[in-house]
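Below: the structure, in structure tokens.
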Amino acid sequence: MTADSAATVPGAAPTAPTTALTVPPSVPLRVSAVHRPPKADIAVLGVAVTAVGTSGPLIAAAAAPAMAIAFWRNAIAAVVFAPYVLLRKNLRAELRGLGRRTTLLALVSGLILGAHFATWTPSAKLSSVASATAFAATQPIFAAIVARVLGHHVPKRAWAGIGVAFAGVFVLSGVDFHASFRAFEGDLLALTAAAFAAVYMTIGGEVRKTASLPTYAFLCYGAASVFLIGAVAATGSALVGFSGDAWLKIGALTLLAQFLGHTLFNRVVKTTSATVISTAILLEVPMAAVIAAVFLHQIPSVWAIPGAVLILGGLLLVVTANRGRNAH
């Protein structure tokens, strides 16, 4: 007779549930900051990383003020998304019903993205493309720290992978601490840009839980444009009067790094952690170095190949950090 059937017999003494039926109290599971991306995300990440690899070389080559370049890439993107969001009934309804918290987070994310571009863009002009990109690629360090502060679990193997990849960045860039103050200033700006990027990506992951990609991109790029128009005014930068070649490079930067880069990152951040995305962005370093070497004649150090191998090895450690266990 089971415990359930005994309970239906008049006069029967109550019986304790059997062990088989006992449900243990739920134990909170630590959320992991790293996991293997879905297969679809891996392909999208590949396109996005390839696209952002053109960012540093295009910025360095464009004969226009850094703040103007940063503003136009975001403003153009916001203008492109605006009619798509505002003229579609379902997206207008989503925008109205997004909720105060989600809307505020999307706008804050955009302001932080603006701060990222306000520091990253001048860094690519002050320092070499390889060095600036290398320092900006420290983003996964900051992403992992932010994830840990938020209570997410970062496996030891992931920390090790981030450390290996980070070492590869410095090996590849051949960082020279005795370079000019101008280059040193550019490296510091790139490092600051990495911290902003990590926070922006983390907030974006939260917003994308409820907001669609077009709606988030519209709000985020719009807020970034507002921040950057302030930066343009503060630095006294010109917004127009550039050569046709400069506008062509700004257009290419917007199409590649903004639309195919950041927008695709914002697509996958819904299902792939900010830490994993930030680590994947490390692949931008060798790509940007090669482009700068070919088109800008900025020849990287002889340590480029060992550095690239370390970056790839670090990436492998990060994305396999949860192998053999559930990634919660």
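Hydrogens, waters and symmetry mates are skipped; everything else that's a heavy atom, side chains included, is used.
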Hey, does the side chain of [X] reach the backbone of [Y] with a donor-acceptor pair shorter than 3.5 angstrom?
X	Y	answer
Gln139	Ala195	no
Thr119	Ala115	yes
Thr235	Val232	yes
Lys125	Ile59	yes
Arg208	Arg267	yes
Thr192	Leu188	yes
Thr138	Ile141	no

Distance check, rounded to the nearest 0.5 Å: [X] atom [atom1] versus [Y] atom [atom2]?
X	Y	atom1	atom2	result
Thr202	Ile145	OG1	CD1	11.0 Å
Ile277	Thr271	CD1	OG1	7.5 Å
Thr54	Glu284	OG1	CD	8.5 Å
Leu228	Leu111	CG	CG	9.5 Å
Leu256	Thr50	CG	OG1	10.5 Å
Thr102	Leu95	OG1	CG	11.5 Å

Report whether [X] and [Y] are members of the same hydrophobic cluster (ILVMFWY, side-chain heavy atoms less than 4.5 Å apart, transitive linking).
X	Y	value
Leu248	Phe71	no
Met287	Val294	yes
Ile229	Phe117	yes
Leu189	Ile112	no
Val268	Val47	yes

Polar side chain donor-acceptor pair, [X] to [Y], under 3.5 angstrom:
X	Y	answer
Glu94	Thr215	yes
Asn74	Ser225	no
Ser273	Thr275	no
Gln258	Thr263	no

I'd like to check [X] versus [Y] (side-chain heavy atoms, cut-off strictly below 4.5 Å). Are they in contact?
X	Y	result
Thr272	Pro38	yes
Phe196	Val199	no
Met67	Leu239	no
Leu45	Leu264	no
Tyr216	Ser109	yes
Ile250	Arg73	no
Leu91	Ser212	yes
Leu282	Leu312	no

inquiry  = Tell me whether the rings of Trp120 and His116 are parallel (<30°), tilted (30 to 60°) or perpendicular (>60°).
reply    = parallel
- Parallel, tilted or perpendicular: which fits the ring planes of Tyr221 and Phe81, with parallel below 30° and perpendicular above 60°? tilted
Carboxylate-amine/guanidinium proximity below 4.0 Å for Glu206 and Arg101: yes
Pair Leu310, Phe166 - check side chain to side chain contact (heavy atoms under 4.5 Å, CB included), show working.
CA-CA 8 Å; Leu310 284 172; Phe166 188 43; over 6 Å; no
**Report entry** Lys/Arg cation over aromatic Phe184: Arg182, 6.0 Å, 45° cone
**Finding:**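 Ring-cation test returns no.
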